[in-house]
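Some notes on the structure that comes next.
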Amino acid sequence: MKTIATKIYKIKGTTASEAIDSEQIYTAGQIIREGGLVAFPTETVYGLGGNALDATAAKRIFAAKGRPEDNPLIVHLYRSEDAALVAKEIPPIFHLLAENFWPGPLTMILPAADAVPRSTTASLETVAVRIPRQRTALALIEAAGGFVAAPSANTSGRPSPTTAQHVIDDLEGRVELILDDGDVMIGLESTIIDLTASIPVLLRPGAISEADITRAIGMDISKAPPLAHDSPPLAPGMKYRHYAPHGQMILVDGGEEAVVSYINAQIAIYKKRGSRCAVIADSDTYRRYHADSVKCVGSHGDGEAIARNLYRVLRELDDELTDVIFCEAFTVSGIGAAITDRLYKAASGRVIRV
Ligand code: TXA
Ligand code: MG
């Protein structure tokens with residue numbers, strides 16, 4: 001792939017009282033309007049943005065990430081009434097959810113309007129929409145014309161980026177511009193809910209929990225069933241092993257003492273074989289492990305901190321070329337379901353209960 005000179009703008013004026021540099025945002029918006037790619041922060045993870053209504057721009061996004069062609073993109077909006085331009089029908093629940101959670105980390109799946117190119121939706125009849133809660137993102141989407149397709153700004157198969165440096169590591173030379181607005185707030189991708197069936201279906205857990213959603217809409221929702229071999233996945237992205245660490249990852253679930261002694265016993269065995277071992281733990285336990293590398297992701301029970309630090313830690317462990325990664329199964333409420341989902345995928349389902 002041809003390398004392009006990637007510009008990096010450190011966003012100026014991002015404290016609450018200062019205005020964002022409008023010239024930077026204007027230039028970024030113009031790049032997208034002309035078919036180029038701009039990586040930008042959202043509250044969840046950094047996104048790789050291009051014009052969602054331009055089939056060629058959408059194709060460039062796939063190429064830059066090395067993303068499988070059948071994995072559709074989320075269309076980012078800056079105002080909810082614009083959903084009517086990319087969706088054929090808007091069910092009443094959409095309005096309830098938009099009022100409660102937008103701007104914010106919720107993506108809704110709707111029947112797609114003809115205006116959306118097939119390369120954006122990966123030829124599905126549906127389209128994913130979301131309004132992020134991050135002012136650089138909102139300003140950019142408006143400046144870009146209102147419809148920005150943006151998957152996470154990582155190379156396909158790596159953890160989503162939570163800092164501009166992660167984006168630079170993966171996409172420098174592949175995009176026109178990277179907007180650096182510091183670390184993201186949440187650290188895990190948005191909750192995805194499918195509104196095209198009679199009962200909404202949760203396709204991907206995120207910071208907005210199932211309980212938040214049922215409270216807002218006053219009804220239960222269903223969860224995407226586990227993948228069967230013969231049926232097509234509901235969110236095409238679910239069928240890909242999202243991120244697989246260089247080392248083998250093993251989740252260990254159980255009481256604190258049992259988890260610590262199991263992991264240390266395993267490390268002793270692996271070390272004898274000459275393997276490099278790592279542990280991902282919380283602040284209560286991380287000092288107790290005898291691994292080559294121990295990463296503390298946050299205070300015990302602090303799901304927000306664990307979510308914020310997780311992808312950075314996984315990237316660090318990849319850089320350290322670890323052979324085996326033991327990870328505590330963090331049981332926290334709220335964002336905990338999203339943490340478990342991402343860890344389970346990273347571990348390819350390897351969970352040991354002790
Ligand atoms: O938080 C986020 O959602 C971030 C930021 C940048 O907004 N974006 C993000 O995009 O995580 P991506 O492409 O990494 O994940 C989007 C997921 C994929 O699993 C994809 O298959 C699913 O959304 N998706 C997109 N359109 C869909 C559709 N029409 N039906 C079902 N799933 C869809
Ligand atoms: Mg992604």
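Atoms within each ligand, like the ligands themselves, are counted from 1 in listed order. Computed from a prediction, not measured in an experiment: that's the story for all the values here. Hydrogens, waters and symmetry mates play no part in the numbers below; they use all other heavy atoms, side chains included.
Taking a cut-off of under 4.0 Å to the non-hydrogen atoms of Ala150, the atoms of ligand 1 that pass are 6 (C), 8 (N), 10 (O). Atoms of ligand 1 lying under 4.0 Å from any heavy atom of Leu124, numbered from 1 in the order shown and given with element: 28 (C), 29 (N), 30 (N). Counting atoms of ligand 1 from 1 in the listed order, those under 4.0 Å from a heavy atom of Ser152 are 8 (N), 9 (C), 10 (O), 12 (P), 14 (O). Using a 4.0 Å cut-off to heavy atoms of Thr126, the atoms of ligand 1 that qualify are 28 (C), 29 (N), 30 (N). Interface atoms of ligand 1 facing His76, defined by a heavy-atom separation under 4.0 Å, are 5 (C), 6 (C), 7 (O). Listed by atom number, the atoms of ligand 1 under 4.0 Å from Thr44 heavy atoms are 1 (O), 2 (C), 4 (C), 5 (C).
Using a distance-only test at 3.5 Å, with no hydrogens or angles considered, no donor-acceptor pair links the side chain of Arg158 to the main chain of Tyr243.
Residue Thr42 has no nitrogen or oxygen atom sitting less than 3.5 Å from a nitrogen or oxygen atom of ligand 1, judged on distance alone. The shortest N/O to N/O separation between Asn71 and ligand 1 falls below 3.5 Å. Residue Ser190 places at least one N or O, backbone or side chain, under 3.5 Å from an N or O of ligand 1. Not a single N or O atom of Glu189, backbone or side chain, sits closer than 3.5 Å to an N or O atom of ligand 1.
Nearest to atom 23 (O) of ligand 1 by heavy atom, out of Ile192, Val127, Leu203, is Ile192. With Ile109, Val116, Thr120, Val148 as candidates, the residue nearest to atom 30 (N) of ligand 1 on a non-hydrogen basis is Ile109. Remark: among candidates Ala137, Pro72, Ala207, Pro151, the nearest residue to atom 10 (O) of ligand 1 is Pro151, based on non-hydrogen atoms. For atom 6 (C) of ligand 1, the choice among Ala122, Gly47, Gly206 with the nearest heavy atom turns out to be Gly47.
Contact analysis leaves Pro132 out of contact with ligand 1, as no non-hydrogen atom separation drops below 4.0 angstrom. Distances shorter than 4.0 angstrom occur between a heavy atom of Ile74 and an atom of ligand 1.
Cation-pi geometry between Arg135 and Phe40 is not met: the NZ or CZ atom fails to fall both under 6.0 Å from the ring centre and inside 45° of the normal.
Taking the centre of each ring, Trp102 and Tyr78 stay at or above the 6.0 Å mark.
Linking Ile, Leu, Val, Met, Phe, Trp and Tyr whenever their side-chain heavy atoms come within less than 4.5 Å leaves Val184 and Val148 in two separate clusters. Linking Ile, Leu, Val, Met, Phe, Trp and Tyr whenever their side-chain heavy atoms come within less than 4.5 Å puts Ile61 and Leu171 in one cluster. Cluster membership check: Phe101 does not share its hydrophobic cluster with Ile74, using side-chain heavy-atom separations under 4.5 Å among Ile, Leu, Val, Met, Phe, Trp and Tyr.
Across all non-hydrogen atoms, the minimal contact from Arg133 to Met185 is O-CE, 3.4 Å.
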Side chains of residues 323-341: which donor-acceptor partners sit under 3.5 Å, not counting sequence neighbours?
residue, atom, partner, partner atom, Å
Asp323, OD2, Arg276, N, 2.6
Glu328, OE1, Asp282, N, 3.2
Glu328, OE1, Thr285, OG1, 3.3
Glu328, OE2, Thr285, OG1, 2.5
Glu328, OE2, Tyr289, OH, 2.7
Thr340, OG1, Gly336, O, 3.0
Asp341, OD2, Lys345, NZ, 3.3

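The side-chain contact (heavy atoms from CB on, under 4.5 Å) test with Val38 is passed by exactly one of Val175, Ile32, Leu48: Ile32. Exactly one residue among Leu203, Ile213, Asp212 makes a side-chain contact (heavy atoms from CB on, under 4.5 Å) with Thr191. That residue is Ile213.
Among the backbone and side-chain atoms of Ser160, no N/O/S atom is found under 2.8 Å from the Mg ion (ligand 2).
With a 4.0 Å heavy-atom cut-off, ligand 1 is reached by the side chain of Arg67 but not by its N, CA, C or O.
Taking Tyr286 as the reference, nothing meets the ring-ring contact (aromatic ring centres under 6.0 Å, His included) condition, with sequence neighbours excluded.
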